[in-house]
Amino acid sequence: MEIATEAGLDLVEIQPHANPPVCKILDYGRYKYQAQKKAAETRKKQKVVEIKEIKMRPNIDTHDYEVKMKSMLRFFGEGDKVKVTLRFRGREMAHQDLGMNLLNKVREETAEIAKVEASPKLEGRQMVMILAPIK
């Protein structure tokens, strides 16, 4: 304690349960500031994975499908997951096989850059599939 006060620094207990306890002489305010900066830097580097949603209909036109696929590829490039929602309206519910074929087509076209996280399943009037980018 005397050595620390002479140096104008703080005596910080590093390992209190060791025998004898381990202490270090340092500027505690500066130490706290550096730890805070390091924590902020690690928070800045981490990427929050979002789930982006692409909505389609079973009888989607080819150009509309290509536009949706292009935006889906962009989402995968950014590292986000994609939820593909296929909405059925009216009599389209009788042709769920068309919807399943469309989702299988999406799965095949994105096979090399994405994996299926949740396979296509019917939830009420919409069929949902979740794709995640391959790291």
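Note that the coordinates shown come from a computational prediction; the quantities given were computed from them, not determined experimentally.
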Original post:
Applying the side-chain hydrogen bond (donor to acceptor under 3.5 Å, both in side chains) test to Thr85, which of Glu123, Gln126, Lys55, Glu53 qualifies?
Top reply: Glu53

Original post:
Where do Ile14 and Val12 land on the side chain to side chain contact (heavy atoms under 4.5 Å, CB included) test, with the steps shown first?
Top reply: CA-CA 6 Å; Ile14 303 297; Val12 179; 4.3 Å; yes

**OP:** List the steps and the verdict of side chain to side chain contact (heavy atoms under 4.5 Å, CB included) for Asn59 and His95.
**Re:** CA-CA 10 Å; Asn59 54 352; His95 301 288; over 6 Å; no

**OP:** In sequence, state the C-alpha distance, the side-chain angles, and the governing distance for Glu117 and Lys115, and then conclude on salt bridge (charged side-chain N to carboxylate O under 4.0 Å, His left out).
**Re:** CA-CA 6 Å; Glu117 199 167 85; Lys115 63 179 182 283; 5.6 Å; no

Subject >> Derivation and outcome, side chain to side chain contact (heavy atoms under 4.5 Å, CB included), residues Val106 and Lys68 >> reply: CA-CA 10 Å; Val106 169; Lys68 302 270 187 186; over 6 Å; no

Original post:
For Gln36, does the CD atom sit with more than 12 other heavy atoms under 6.0 Å from it, leaving out its own atoms?
Top reply: no

Subject >> Same apolar cluster: Met93 and Ile60, side chain cutoff 4.5 Å >> reply: yes

Original post:
Can you check whether Lys52 reaches Glu50 side chain to side chain, under 4.5 Å on heavy atoms?
Top reply: yes

**OP:** Identify whether Val128 and Val84 are in the same connected component of the hydrophobic contact network (ILVMFWY, side-chain heavy atoms under 4.5 Å).
**Re:** no

Original post:
Is the number of heavy atoms from other residues, nucleotides or ligands under 6.0 Å of Glu13 CD greater than 12?
Top reply: yes

Subject >> Residue pair Arg89 / Arg57: nearest heavy atoms and the distance that separates them >> reply: NH1-NH1, 3.2 Å

Original post:
How long is the span from the CG atom in Asn104 to the CE atom in Met129, to the nearest 0.5 Å?
Top reply: 7.5 Å

Original post:
Nearest heavy-atom pair of Met127 and Gly99: which atoms, and what distance?
Top reply: SD-C, 4.2 Å

Subject >> Joint hydrophobic cluster, Leu122 plus Val116, side-chain heavy atoms closer than 4.5 Å >> reply: yes

Original post:
Should Lys24 and Tyr31 be marked as a side chain to side chain contact (heavy atoms under 4.5 Å, CB included) after you check the CA-CA gap, both sets of side-chain angles, and the distance that decides it?
Top reply: CA-CA 11 Å; Lys24 201 174 192 180; Tyr31 170 75; over 6 Å; no

Original post:
So how far is it from Met56 CE to Leu102 CG, rounded to the nearest 0.5 Å?
Top reply: 5.5 Å

**OP:** May I ask you to test the Leu9-Asp27 pair for a side-chain heavy-atom distance under 4.5 Å?
**Re:** yes

Original post:
If you round to the nearest 0.5 Å, how far is CD of Gln34 from CG of Leu26?
Top reply: 9.5 Å

Original post:
Hey, what do you get for CD1 (Ile54) to CE (Met72), rounding to the nearest 0.5 Å?
Top reply: 5.0 Å

**OP:** Answer with yes or no whether the hydrophobic clustering places Phe75 together with Ile113; edges join I, L, V, M, F, W, Y residues whose side-chain heavy atoms lie under 4.5 Å apart.
**Re:** yes

**OP:** Treating Ile, Leu, Val, Met, Phe, Trp and Tyr as nodes and any side-chain heavy-atom pair under 4.5 angstrom as an edge, say whether Leu98 and Leu103 lie in one connected cluster.
**Re:** no

Subject >> Min side-chain heavy-atom separation His63-Val67 under 4.5 Å >> reply: yes

Original post:
Considering all heavy atoms of both residues, which atom of Ala111 and which atom of Ile134 are nearest to each other, and what is their separation?
Top reply: O-CD1, 3.9 Å

Original post:
If you take all heavy atoms of Leu131 and Ala114, which pair is closest and at what distance?
Top reply: CB-CB, 4.4 Å

Original post:
What is the minimum heavy-atom distance between Ser119 and Arg107, and which atoms define it?
Top reply: CB-NH2, 4.2 Å

Original post:
Between CG of Asn101 and CD of Gln96, what distance do you get to the nearest 0.5 Å?
Top reply: 12.0 Å

**OP:** Could you tell me which non-hydrogen atom of Pro120 sits nearest to which non-hydrogen atom of Met100, and how far apart they are?
**Re:** CB-SD, 3.8 Å

